[in-house]
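Just below is one structure, and these are the notes that go with it.
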Amino acid sequence: MASVEPEAKEVLLTRAQALFRRTYPELSADIAVFAPGRVNLIGEHTDYTNGFVCPMALTAATVIVGVGDVVDEDAVGSAAAAEGDLLCRIVSTAPGTELAVFDCGRPLTPGGGWSTYVKGVVAEYLGDLPPRKTLVFTFACASSVPLGSGLSSSASLEVAVATFLERVTRRPQPLVTRALRCQSAEHIFANTPCGIMDQFISAMGREGRALLIDCASNKVVQEVQFLSDDYTIVVCDSKVKHNLGESEYPARVRECRSAEAALRSRFGEGNFPNGLRDATPSMVEDLHAAGLIDDVVHRRAFHVVTENDRCQAFAAAMARGDFAAAGLLMNESHASLRDNFEVSCRELDILVDLAQSCKGVAGSRMTGGGFGGCTVTLVRTGDVKGLEAFLQSRYRAVAAKECATFASKPGPGAGELELKESWWQRLESLGDSLGFGLDTPGLEFSIGLVVGVTVAAATVMHLRGFVRQYKSVSAPGRASSLACPPGLGSFLGSGSAFGLGLAEAEAEAEAEAQPSA
């Protein structure tokens, strides 16, 4: 599979608008927002243990287009509600998703596939409303964040929904509050005990910078700017999907909590307000030697403690432009995730081993919760294409699978987009007002063909007039003030409409310039 660049937000916006118009032709969207996915450069499974992480927002994002309002709860039971006018309706371009409808005037509960993430965020925002008020909204979304790839498609959706709801309610929240609400939604509705990283970077990402985040204080410790264009981040999707809520991810959380309890028991309750974040490798070794933790919990705790050190050292290395040192730390991180935390898999190990052997690569590691998903590689910019081709061909040969790669620079955090209506959208609106739709099979092509031919004909007529004017002012004894070169029609080619028209115009002009017999 070739390199697959994520769709630009403008493309996603167009797709979401088209889906909104097809699904809800009676409505006009007035809100458009986006929220990015993320790739974590280093600092894995340290966010829910109050440690350090260093993610960057991707240009891949989720875009939502819609309309909404705050209404009286009493209206939800009205005839309008019965007809669906006061319900929340959502639809997505993602394959396998269905239009979902729910009522914010009633208690929201988990379930319903992808809509559970939306309902979880909505539940977090209902408390902002005055008494006896509730939400109604309708939206369509499109996303370029691959599902189940470890690039935080769920956080991207959650933060996009939160950004949309803050527009609907006209009650913008601090970005950290927005991230915390989305994290809570994932805990309660998706049953995933994730840390704050994914929602934080999606809400607060900075273009051109990764962020070193302290998950104990929920603050950005350092903006990690790429000081050189010599190196690029390449993401590789193993195409092995994961579901963190149903995988061993919750088990890893419990194992870390067990290590924290042992630390407090051994060294004093008040010495570890941030759990494993406050521990040292020697403390973890002491717990193991004393028999307070078993071999498995020992390995889990040792990874977390050393990963916090690696994360801070990585940010410092990137800040001074020492990409070789940063790459080595990425390699060490993957080895620890594979051997100590045991969240890698065969396919991820293959991709990392391949990348680490490739020319120009400083370092490579798995990224995200693990059990599938993606790898992240720091590579010289001039070697990006070679790396992508090498990974795709060798992964196919060794793992008998296809992978997808793309290069990325850090993108911005969530925000609003400007709704623009194209000429086709205006034509659709005109058709609707006249009582006919433009979704008839073949009609879009026919209209496009008519418009294209009309524009071409008008252009040819304009250029023919231009050639005549040129020939006129270039006649003997006249000074030429135009720069159009002779033979333009021949240059464009006699096989094109433009060429035919211009060549004909030149011939006519030549004939007119000849003295009559």
Side-chain angles (χ1 to χ4, degrees), residues 3 38-46 51-56 58 149-151 197 201 208-213 222 224-238 303-304 306-341 343-370 373-392 394-395 398 403 405-410:
S3 176
R38 68 96 185 95
V39 62
N40 191 24
L41 303 183
I42 197 167
E44 217 67 73
H45 289 275
T46 49
F52 294 94
V53 292
C54 191
M56 71 180 207
L58 292 170
S149 63
L151 300 179
M197 173 179 64
I201 191 65
R209 292 168 170 81
L211 301 182
L212 177 63
I213 302 169
Q222 178 185 339
V224 183
Q225 187 171 6
F226 285 56
L227 295 180
S228 170
D229 290 332
D230 293 340
Y231 279 83
T232 297
I233 293 296
V234 170
V235 177
C236 183
D237 187 354
S238 69
H303 164 75
V304 171
T306 55
E307 185 79 346
N308 279 323
D309 292 338
R310 283 188 290 268
C311 190
Q312 295 174 86
F314 173 88
M318 291 293 287
R320 65 176 182 269
D322 190 348
F323 297 105
L328 286 175
L329 291 163
M330 294 174 72
N331 294 342
E332 292 173 9
S333 173
H334 182 78
S336 183
L337 287 162
R338 180 192 63 214
D339 301 333
N340 293 325
F341 220 68
V343 290
S344 189
C345 64
R346 174 177 175 268
E347 291 83 358
L348 291 175
D349 291 341
I350 289 172
L351 286 171
V352 167
D353 290 344
L354 289 172
Q356 290 176 356
S357 71
C358 197
K359 175 188 173 185
V361 169
S364 184
R365 60 184 288 275
M366 59 154 281
T367 186
C374 290
T375 64
V376 58
T377 301
L378 182 63
V379 59
R380 283 190 179 277
T381 303
D383 292 313
V384 167
K385 296 300 181 185
L387 170 67
E388 291 182 315
F390 181 72
L391 289 178
Q392 290 156 12
R394 294 302 301 153
Y395 186 66
V398 176
C403 65
T405 61
F406 65 90
S408 183
K409 295 290 187 181

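Source: prediction; values computed, not measured. Only this structure's heavy atoms are used, side chains among them; waters, hydrogens and symmetry mates stay out.
- Contact check for Ser364 versus Met330: no side-chain heavy atoms found under the 4.5 Å cut-off.
- Taking each heavy atom of Glu44 and Thr367 in turn, the nearest pair found is OE1-CA, 3.5 Å.
- Under the 30°/60° scheme for interplanar angles, the aromatic rings of Phe323 and Tyr231 are found to lie parallel.
- More than 12 heavy-atom neighbours from other residues, nucleotides or ligands sit within 6.0 angstrom of NZ on Lys409.
- Of the possible donor and acceptor atoms, one in the side chain of Asn308 sits under 3.5 Å from a partner among the backbone N and O of Phe52.
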Review point. Given Phe341 and Val304, is the side-chain contact (heavy atoms from CB on, under 4.5 Å) satisfied, shown in steps?
Key: CA-CA 8 Å; Phe341 220 68; Val304 171; 3.9 Å; yes
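- Residues Asn331 and Ala362 share a closest heavy-atom pair of ND2-O, 3.9 Å.
- What you find for Gly368 and His45 is that their closest heavy atoms are O-NE2, 4.4 Å.
- Between the side chains of Asp349 and His334, at least one donor-acceptor pair of N or O atoms lies under 3.5 Å.
- Here the straight-line distance linking atom CD of Glu388 with atom OG1 of Thr405 works out to 3.5 Å at 0.5 Å rounding.
- Not counting sequence neighbours, the partners of Ser333 by the side chain to side chain donor-acceptor pair (under 3.5 Å) test are Glu307, Arg365.
- Here CD1 of Ile42 is found 8.0 Å from SG of Cys54. Values are rounded to the nearest 0.5 Å.
- In this structure, the side chain of Asn40 does not engage the main chain of Met56 through any donor-acceptor pair within 3.5 Å.
- Interatomic distance, CG of Leu391 versus CG of Asp237, reported as 12.0 Å (0.5 Å rounding).
- Remark: Thr46 OG1 to Arg310 CZ distance equals 10.0 Å, nearest 0.5 Å.
- In this structure, Val234 and Val376 have side chains that are not in contact, with every pair of non-hydrogen atoms separated by 4.5 Å or more.
- From Cys236, atom SG reaches atom CD1 of Ile350 across 11.5 Å, with rounding to the nearest 0.5 Å.
- Note that CE of Met366 is 11.5 Å distant from CZ of Arg338, once rounded to the nearest 0.5 Å.
- Taking 4.5 Å as the limit, some side-chain heavy atom of Met318 sits within range of a side-chain heavy atom of Leu378.
- Residues Leu387 and Arg380 are not in side-chain contact: their nearest non-hydrogen atoms beyond the backbone lie 4.5 Å or more apart.
- Using modelled atom types, no side-chain atom of Gln392 and backbone atom of Cys403 make a donor-acceptor pair closer than 3.5 Å.
- Leu354 and Phe390 make their closest contact through O-CE2, 3.4 Å (heavy atoms, listed as atom of the first residue, atom of the second, distance).
- The two residues Gly43 and Cys311 come nearest to each other via the heavy atoms CA-SG, 4.1 Å.
- Under the salt bridge (charged side-chain N to carboxylate O under 4.0 Å, His left out) criterion, Arg394 pairs with no residue at all, not counting sequence neighbours.
- Of the possible donor and acceptor atoms, one in the side chain of Ser238 sits under 3.5 Å from a partner among the backbone N and O of Gly373.
- The side chain to side chain donor-acceptor pair (under 3.5 Å) search around Asn340 returns Ser336, not counting sequence neighbours.
- Thr232 pairs in a side-chain hydrogen bond (donor to acceptor under 3.5 Å, both in side chains) with only one of the listed residues (Asp383, Thr381, Thr377), which is Thr381.
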Review point. Under the side-chain contact (heavy atoms from CB on, under 4.5 Å) criterion, do Thr375 and Val235 qualify, and how do the steps go?
Key: CA-CA 6 Å; Thr375 64; Val235 177; over 6 Å; no
